[in-house]
Structure formats: C-alpha cells, structure tokens
**Q** 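Before I ask anything, here is the structure I am working with.
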Amino acid sequence: MTEKPERMTEKPQANYDVIVIGGGSAGLSGAVMLGRSRRSVLVIDGGRPRNAPAAGVHGFLTRDGLPPAELVAIGRDEAQRYGARILDDEVIGVGGDVDSGFVVTTVGGVRAGARRLLVTTGLVDELPDIPGLAERWGKDLLHCPYCHGWEVRDQAIGILGVNAMSLHQAQMFRQLSADIVVFLNDELRPTDDERTQLTARGIRLVEGKVAAVRSDSDAIAGVVLADGTFVARQALTVTPRFVARAAFLEDLGLQSVPHPMGVGDYIPADESGVTAIPGVWAAGNVSNLMAQVGAAAAAGAMAGAHINGDLIAAETRAAVAELSSSMS
C-alpha cells in the first residue's frame with residue numbers, strides 16, 4: 001500500500017535527502033538508485049502519465065508490450081523495496097535553495113523538505129485542434145514509429161502535416177508500410193527535392209486543409225478535407241507540440257525554454273541531469289522531449305547517481321569543517 005506523509009501547513013513534515021517530483025520511469029529509476037545508496041527519498045506522483053492512453057510500452061528491453069500502469073506498479077514496488085516513500089499528489093510550488101534546503105508544496109496540502117530535487121514530471125502532448133483527432137491519441141493516432149509503429153505495420157497510414165518534422169515522419173513510417181499518404185494540410189510546402197524523394201518511395205501527397213478525422217466502430221476510418229473529400233486511412237500520425245510539465249519550478253527561477261528543434265518547450269539539463277539551479281536535477285521527457293521510456297529510465301538512474309555523489313561531496317566538506325573546528 002502506498003504510504004503518505006502526514007499533512008502539515010507551516011513547516012515541512014519531514015526532510016528527505018531527495019524529493020523526486022514525478023513517478024514515471026525516470027523518477028522511479030532515480031528513486032531506486034538513491035534508495036540503494038541509502039538515501040531517504042520521497043516520490044511525489046501527480047498520476048498523469050503521458051503514455052496512459054497506450055496499450056503497451058514498446059522498445060524497452062524485457063518489458064516490451066507491458067501496459068504502462070503495470071510498468072509503474074513494478075517500479076513503485078522496486079523503489080519502496082529500497083525505502084522510498086510514494087505520495088500520490090501533485091506539486092504546485094517549490095521554494096528554498098541548495099544551501100537552506102528546498103520545500104515542496106502539493107495540492108493536497110503536504111509540505112516536505114529536501115536537500116536535493118529530481119524533477120521527472122514529463123511533458124504534455126499538445127495536438128492540433130482538428131475534430132475527432134484527440135479521441136484516437138495513443139490508439140491509432142501515433143507519433144513515434146519506434147514506440148507504436150510495428151502495431152500499424154502494413155496498414156494504410158496517413159501523416160497529418162503540421163511542420164517540417166511531418167515529412168521526416170512520413171519517411172520513417174514508410175519503413176513500416178507501403179501505403180503512406182501525407183496530408184499537406186495547407187501547412188507543408190515540400191521543396192522539389194523533397195517531393196522527388198517522397199514520390200520515389202511511393203509516398204502520396206494530398207493537398208488541402210484537413211477538416212476532421214472520422215472514426216467508425218472505435219477505429220479511425222479516414223480524413224475529411226475542407227472540400228469534403230474523404231481519404232480512407234486505418235491509422236494516422238501527427239507531430240504534437242511537446243510542453244514540459246514544469247510551471248511549478250518558476251518560483252525557483254527555473255523556466256522551460258523553446259527547444260532548438262522547434263518541437264516545444266523543455267527544461268535544459270546536461271547529460272547527468274544538472275539544471276541551471278544548484279541542487280535541482282531533471283531527467284526524462286521534462287528535459288529530453290524525444291526520450292523513449294528506456295532512455296528516460298536510464299536518465300533517471302544517471303541523475304540519481306550524480307545526486308548521491310553531490311550529497312557525498314557536501315557531507316565530506318561538512319565533516320572536514322567539523323574536524324578542523326574541533327582541532328582548532
């Protein structure tokens with residue numbers, strides 16, 4: 001059973017070595033790494049996983065096809081095995097700094113303190129405002145060929161044009177099916193070279209604005225254009241705008257910024273998870289918009305190890321200072 005801290009309104013109810021904000025693959029991997037280093041860890045999970053609509057996780061060695069909720073349940077069990085506490089709540093504010101300690105506040109009224117923070121809250125996929133589109137997200141409306149492309153192999157697949165990435169997406173899905181249509185949607189204007197490349201691979205281009213996505217019997221039937229033309233498809237792909245879940249970090253002076261590739265907003269962090277704010281690490285989709293589940297898990301583990309190393313260095317400095325003081 002998930003153990004919840006007592007709620008406090010003034011002072012933090014408890015102080016942890018690390019609070020992990022976000023309980024997906026990145027956060028739980030970090031919690032396991034920290035727990036195995038005998039660090040006190042609180043994982044706060046808002047319960048809104050990005051991959052919730054998907055039937056299974058793919059491309060993650062030994063866990064291929066596992067439902068996302070089961071992956072989280074296994075991860076929680078492993079983290080708790082090493083002493084981590086899990087709180088089902090949502091963080092709404094973070095204060096403090098690396099010197100005085102951080103204080104995290106949740107929707108449920110919990111206030112907890114920590115010496116370090118690991119942010120793994122993931123991202124939100126912002127879809128184009130096309131009627132009938134959002135209802136199919138994570139089912140037969142996809143964006144990643146590696147995550148879910150195999151499941152629609154050899155089907156009639158449509159690419160909804162939203163930006164230059166859509167043409168790259170078309171080439172990727174062409175590897176999985178010979179029947180690919182790109183809906184230019186009055187958004188894409190392929191160059192002559194791009195048109196030649198697409199045509200050479202048998203990818204058909206359809207002009208005109210997309211008006212709606214039509215479904216039948218809980219499955220995509222096709223795309224309706226603004227002029228009423230209907231193009232039958234069994235699956236669709238789209239490139240969402242990726243937006244990091246990070247608004248609660250603004251009081252710390254840590255804000256999401258536009259990604260260099262123009263695909264959304266993220267929290268910059270180095271390969272070990274270090275952010276611009278001392279004492280705060282980030283891992284997973286909140287800092288790497290393109291990371292799959294396996295990459296997010298690896299990043300969380302890496303960040304957890306580096307946080308432990310940072311705490312060891314701080315504790316060593318304190319011990320040396322205390323020894324010097326006692327000898328003077």
**Q** Would you be so kind as to tabulate the donor-acceptor pairs closer than 3.5 Å made by side chains of residues 251-258, with sequence neighbours excluded?
**A**
none

**Q** Roughly how far, to the nearest 0.5 Å, is CD1 of Ile267 from CH2 of Trp281?
**A**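 So the gap between those two atoms works out to 15.5 Å.
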**Q** Is atom CD of Gln175 surrounded by more than 12 heavy atoms (other residues, nucleotides or ligands) closer than 6.0 Å?
**A**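 Open.
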**Q** Main chain of Gly22, side chain of Asp45: is a donor-acceptor contact present, judged purely on distance under 3.5 Å?
**A** no
**Q** With a 4.5 Å limit on heavy-atom distance, are the side chains of His259 and Met290 in contact?
**A** yes
**Q** Side-chain contact, heavy-atom cut-off 4.5 Å: Leu167 with Gln197?
**A**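 Result no, sub-4.5 Å side-chain heavy-atom pair not found.
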**Q** Are Arg38 and Tyr82 close enough that a side-chain donor and a side-chain acceptor fall under 3.5 Å?
**A**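 There is no such pair between these side chains.
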**Q** Between the main-chain N or O of Ala321 and the side-chain N or O of Ser325, is there a donor-acceptor pair closer than 3.5 Å?
**A**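 Pair absent, no side-chain N/O of Ser325 close to backbone of Ala321.
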**Q** Does Arg116 come within less than 4.0 Å of Asp17, counting only side-chain N to carboxylate O?
**A** no
**Q** Check the hydrophobic clustering (I, L, V, M, F, W, Y; side-chain heavy atoms under 4.5 Å; chains of links allowed) and say if Val213 and Val162 are grouped together.
**A** yes
**Q** Restricting to non-hydrogen atoms, name the atom on Val286 and the atom on Thr121 that form the minimum distance, rounded to 0.1 Å.
**A**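 Nearest heavy atoms, Val286 then Thr121: CG2-OG1, 3.7 Å.
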**Q** Are Arg115 and Glu315 within salt-bridge range, i.e. N to O under 4.0 Å?
**A**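 Yes, Arg115 and Glu315 are salt-bridged.
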**Q** Does any part of the side chain of Val182, heavy atoms only, come nearer than 4.5 Å to the side chain of Arg204, both counted from C-beta?
**A**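 No, their side chains stay 4.5 Å or more apart.
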**Q** Give a yes or no on this: more than 12 heavy atoms of other residues, nucleotides or ligands lie within 6.0 Å of atom CZ of Arg201.
**A** yes
**Q** Is the Phe173 to His143 ring centre distance short of 6.0 Å?
**A** no
**Q** Is Ile203 reachable from Leu225 through a run of I, L, V, M, F, W or Y residues, each pair having side-chain heavy atoms under 4.5 Å apart?
**A** no
**Q** Within the 4.5 Å heavy-atom criterion, are Asp270 and Thr275 side-chain neighbours or not?
**A**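 The answer is no; the side chains never approach within 4.5 Å.
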**Q** For side chain to side chain contact (heavy atoms under 4.5 Å, CB included), just list the numbers for Leu188 and Phe183, CA-CA rounded to whole Å, side-chain angles, deciding distance to a tenth of an Å, and then say yes or no.
**A** CA-CA 8 Å; Leu188 300 184; Phe183 296 94; over 6 Å; no
**Q** Applying the 4.5 Å side-chain criterion to the ILVMFWY set and letting contacts propagate, would Val231 and Leu160 be lumped into a single cluster?
**A**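 Yes: a chain of side-chain contacts under 4.5 Å links Val231 to Leu160.
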**Q** I need the minimum non-hydrogen distance between Cys144 and Gln292, along with the two atoms involved.
**A** SG-NE2, 4.4 Å
**Q** Quick check: are there more than 12 heavy atoms from other residues, nucleotides or ligands sitting under 6.0 Å from CZ of Arg241?
**A**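 More than 12 within 6.0 Å, yes.
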**Q** Among Asn308, Leu117, Ile307, Val43, which residue meets the side chain to side chain contact (heavy atoms under 4.5 Å, CB included) test with Val18?
**A**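 Per the side chain to side chain contact (heavy atoms under 4.5 Å, CB included) rule, the option paired with Val18 is Ile307, out of Asn308, Leu117, Ile307, Val43.
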**Q** Identify whether Leu141 and Val181 are in the same connected component of the hydrophobic contact network (ILVMFWY, side-chain heavy atoms under 4.5 Å).
**A**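 Yes, same cluster.
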**Q** Are Arg245 and Glu126 close enough for a salt bridge, meaning some N to O gap below 4.0 Å?
**A**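 Looking at Arg245 and Glu126, the cut-off is not met.
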**Q** Please identify which of these residues, Leu34, Ile19, Ile86, Leu118, meets the side chain to side chain contact (heavy atoms under 4.5 Å, CB included) condition with Val41.
**A**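 Single pass found, and it is Leu34.
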**Q** Could you tell me if Gln169 and Thr237 have a donor-acceptor pair between their side chains, going purely by distance under 3.5 Å?
**A** yes
**Q** Does any N or O in the side chain of Ser166 come within less than 3.5 Å of the main-chain N or O of Asn163, such that one atom is a donor and the other an acceptor?
**A** yes
**Q** For the pair Lys209 and Asp186, find out whether any cationic side-chain nitrogen is under 4.0 Å from an anionic carboxylate oxygen.
**A** no
**Q** Is there a donor in the side chain of Thr191 and an acceptor in the side chain of Asp193, or the other way round, less than 3.5 Å apart?
**A** no
**Q** Quick one, Ile44 and Val104 - any side-chain contact, counting heavy atoms below 4.5 Å?
**A** yes
**Q** Check whether any side-chain N or O of Thr120 sits under 3.5 Å from a backbone N or O of Ile21 as a donor-acceptor pair, and report yes or no.
**A**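 Flag set: sc Thr120 to bb Ile21 pair under 3.5 Å.
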**Q** Verify, without hydrogens or angle tests, whether Asn51 (side chain) and Ala54 (backbone) share a donor-acceptor contact under 3.5 angstrom.
**A** no
**Q** Nearest heavy-atom pair of Ala291 and Ala296: which atoms, and what distance?
**A**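 That would be CB-N, 4.3 Å.
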**Q** Please report the interatomic distance CG(Leu236) to CZ(Arg136), rounded to the nearest 0.5 Å.
**A** 10.0 Å
**Q** Heavy atoms only: give me the nearest Arg50-Pro53 pair and the separation to one decimal.
**A** O-CD, 3.5 Å
**Q** Using a strict cut-off of less than 4.0 Å between a Lys/Arg side-chain nitrogen and an Asp/Glu carboxylate oxygen, indicate whether Arg195 and Glu207 qualify as a salt bridge.
**A**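 Looking at Glu207 together with Arg195, the answer is yes, because their closest N to O distance falls below 4.0 Å.
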**Q** Taking all non-hydrogen atoms of both residues into account, name the closest pair between Gln155 and Glu151 and its distance.
**A** NE2-O, 3.6 Å
**Q** Is any side-chain heavy atom of Leu127 closer than 4.5 Å to a side-chain heavy atom of Trp137?
**A** yes
**Q** Side-chain contact, heavy-atom cut-off 4.5 Å: Asp218 with Ser215?
**A**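 No, side chains not in contact.
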**Q** Is Val98 reachable from Phe248 through a run of hydrophobic residues whose side-chain heavy atoms are each under 4.5 Å from the next?
**A**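 Yes, one cluster joins them.
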**Q** Using 0.5 Å steps for rounding, measure from the CZ atom of Arg174 to the CD atom of Gln171.
**A** 9.0 Å
**Q** Does Leu184 reach the side chain of Pro190, with side-chain heavy atoms less than 4.5 Å apart?
**A** yes
**Q** If I take atom NE2 from residue His148 and atom CG from residue Asp140, how far apart are they, to the nearest 0.5 angstrom?
**A** 12.0 Å
**Q** Classify the side-chain pair Asp227/Thr229 by whether it contains a donor and acceptor separated by less than 3.5 Å.
**A**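 Yes, because at least one side-chain N or O of Asp227 sits under 3.5 Å from a partner of the opposite role on Thr229.
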**Q** At what distance, to the nearest 0.5 angstrom, does CZ of Arg233 lie from CD1 of Ile159?
**A** 9.5 Å
**Q** Exactly one of Val243, Leu123, Leu289, Asn285 should register a side chain to side chain contact (heavy atoms under 4.5 Å, CB included) with Tyr266. Which one does?
**A** Leu289
**Q** To the nearest 0.5 angstrom, please state how far the CG atom of Leu133 sits from the CD atom of Glu135.
**A** 8.0 Å
**Q** Are Glu90 and Arg48 close enough for a salt bridge, meaning some N to O gap below 4.0 Å?
**A**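 Counted as a salt bridge, because a side-chain N and a carboxylate O are separated by less than 4.0 Å.
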**Q** Between Asp97 and Ser100, is any side-chain donor less than 3.5 angstrom from a side-chain acceptor?
**A**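 Yes - a donor-acceptor pair under 3.5 Å links their side chains.
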**Q** Locate the shortest heavy-atom distance separating Ile157 from Val152; write the atom from each residue and the value.
**A**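 Shortest heavy-atom contact: CD1-O, 3.7 Å.
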**Q** Determine whether a donor-acceptor pair (N or O, by modelled atom type, separation under 3.5 Å) exists between the side chain of Asn185 and the backbone of Glu187.
**A**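 Checking the backbone N and O of Glu187 against the side chain of Asn185, no donor-acceptor pair under 3.5 Å is found.
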